[in-house]
There are 2 protein chains.
Amino acid sequence: MRMHNPPHPGEILKEDVLPELGLTVGAFAAHLGITRPHLSNLLNQHAGITAEMDIRLSEALGQPPGLWIRMQAAYDLWQAEQQPRQHIAPLHVAA
Amino acid sequence: MRMHNPPHPGEILKEDVLPELGLTVGAFAAHLGITRPHLSNLLNQHAGITAEMDIRLSEALGQPPGLWIRMQAAYDLWQAEQQPRQHIAPLHVAA
DNA sequence: GTATCCTGTAAAGAGACGCATTACAAATCA
DNA sequence: TGATTTGTAATGCGTCTCTTTACAGGATAC
């Protein structure tokens with residue numbers, strides 16, 4: 001049923017990645033080439049992961065690109081699904 | 001090596017989905033609850049698929065949500081990878 | 001061959017978001 | 001106590017989604 005709300009990427013970065021790296025937020029931000037306030041916003045789920053940011057993370061963490069942007073997409077989709085909306089009728093293929 | 005550029009979702013919608021539905025762009029837009037110019041922009045790759053739009057498409061097309069937003073993420077990531085950028089050194093785990 | 005429909009696209013504007021810069025206050029820690 | 005680290009706010013710029021309105025070109029039908 002796939003019904004568990006996916007985490008914001010920032011949560012994983014803050015709780016798992018950063019501790020394992022043993023870096024301060026400021027040091028990690030500097031390494032990524034972004035500002036400390038912005039990384040803080042990422043970590044605290046006040047900003048999302050862009051494709052650009054995904055690449056930087058994948059390079060810094062030695063991972064194949066796409067992990068973080070897919071997490072973000074899953075998060076965004078879940079959030080949008082929680083919004084009240086009027087449903088759309090399914091279409092059928094033409095005769 | 002995973003090195004083939006992923007299509008923009010609009011391309012698939014325009015070339016595969018719309019013809020199979022047998023709908024005009026205007027009719028499809030109306031069904032989705034968006035404007036015709038905006039759907040035209042989607043189809044011609046001048047705008048991206050948002051989480052909101054993914055949900056509308058998945059409902060209209062009878063698909064599980066996430067297909068289109070993941071296509072968009074793959075597309076965005078590929079585009080970002082094509083941009084010239086300065087690489088970031090990999091970090092090692094703390095001692 | 002004229003009228004209708006469909007299409008792509010442009011302009012203008014609202015609202016949201018990414019990201020930078022700067023700044024400050026609270027918390028941690030030496 | 002003093003230095004470091006952190007979260008966050010304000011401001012601003014650029015970009016993007018999406019709407020409304022409009023227009024011009026192509027296709028279809030009479």
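When reading the values below, keep in mind they use all heavy atoms of this one structure, side chains included, and skip hydrogens, waters and symmetry mates. What you see is a predicted model, and the numbers here were worked out from it, not measured in a lab. In what follows, chains carry the letters A, B, and so on, assigned in the order in which the sequence lines appear, proteins first and then strands, with residues in each chain numbered from 1.
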What is the distance from [atom1] of [X] to [atom2] of [N], rounded to the nearest Å?
X	N	atom1	atom2	value
A/Arg36	C/dA26	CZ	C1'	12 Å
B/Asn41	C/dG8	CG	P	10 Å
B/Asp76	C/dC17	CG	C1'	14 Å
A/Leu39	C/dG18	CG	P	14 Å
B/Glu52	C/dG15	CD	P	17 Å
B/Leu43	C/dG8	CG	P	7 Å
A/Leu57	C/dG18	CG	P	14 Å
A/Leu32	C/dA20	CG	C1'	15 Å

For this session: Take A/His46 and B/Val25, find for each the nucleotide of DNA chain C with the closest heavy atom, and name the residue whose nucleotide sits nearer the 5' end.
Result: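 The 5'-side residue here is B/Val25.
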Exercise. Do you know which two heavy atoms are closest between A/Leu61 and A/Val17, and how far apart they sit?
Worked result: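 Shortest heavy-atom separation between A/Leu61 and A/Val17 comes out as CD2-CG1, 3.8 Å.
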Does [N] have OP1 or OP2 sitting under 4.0 Å from an N or O in the side chain of [X]?
X	N	result
A/Thr35	C/dT21	no
B/Lys14	C/dG8	yes
A/Thr50	C/dC19	yes
B/Ser40	C/dT9	no

Measuring only between side-chain heavy atoms, which start at C-beta, is [X] closer than 4.5 Å to [Y]?
X	Y	result
A/Lys14	A/Leu18	no
A/Glu81	B/Pro65	yes
B/Thr50	B/Trp68	no

Exercise. B/His38 or A/Asn44: which one's nearest nucleotide on DNA chain D is closer to the 5' end?
Worked result: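 Upstream on the strand: A/Asn44.
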Exercise. Checking all strands, does B/Thr24 fall into the base, sugar-phosphate, or nothing category for heavy-atom contacts under 4.0 angstrom?
Worked result: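 Sugar-phosphate, backbone atoms only, no base.
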Problem set entry | Crowding at NE2, A/His92 (>12 non-hydrogen neighbours, <6.0 Å) |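 It does not: A/His92 NE2 has 12 such atoms or fewer within range.
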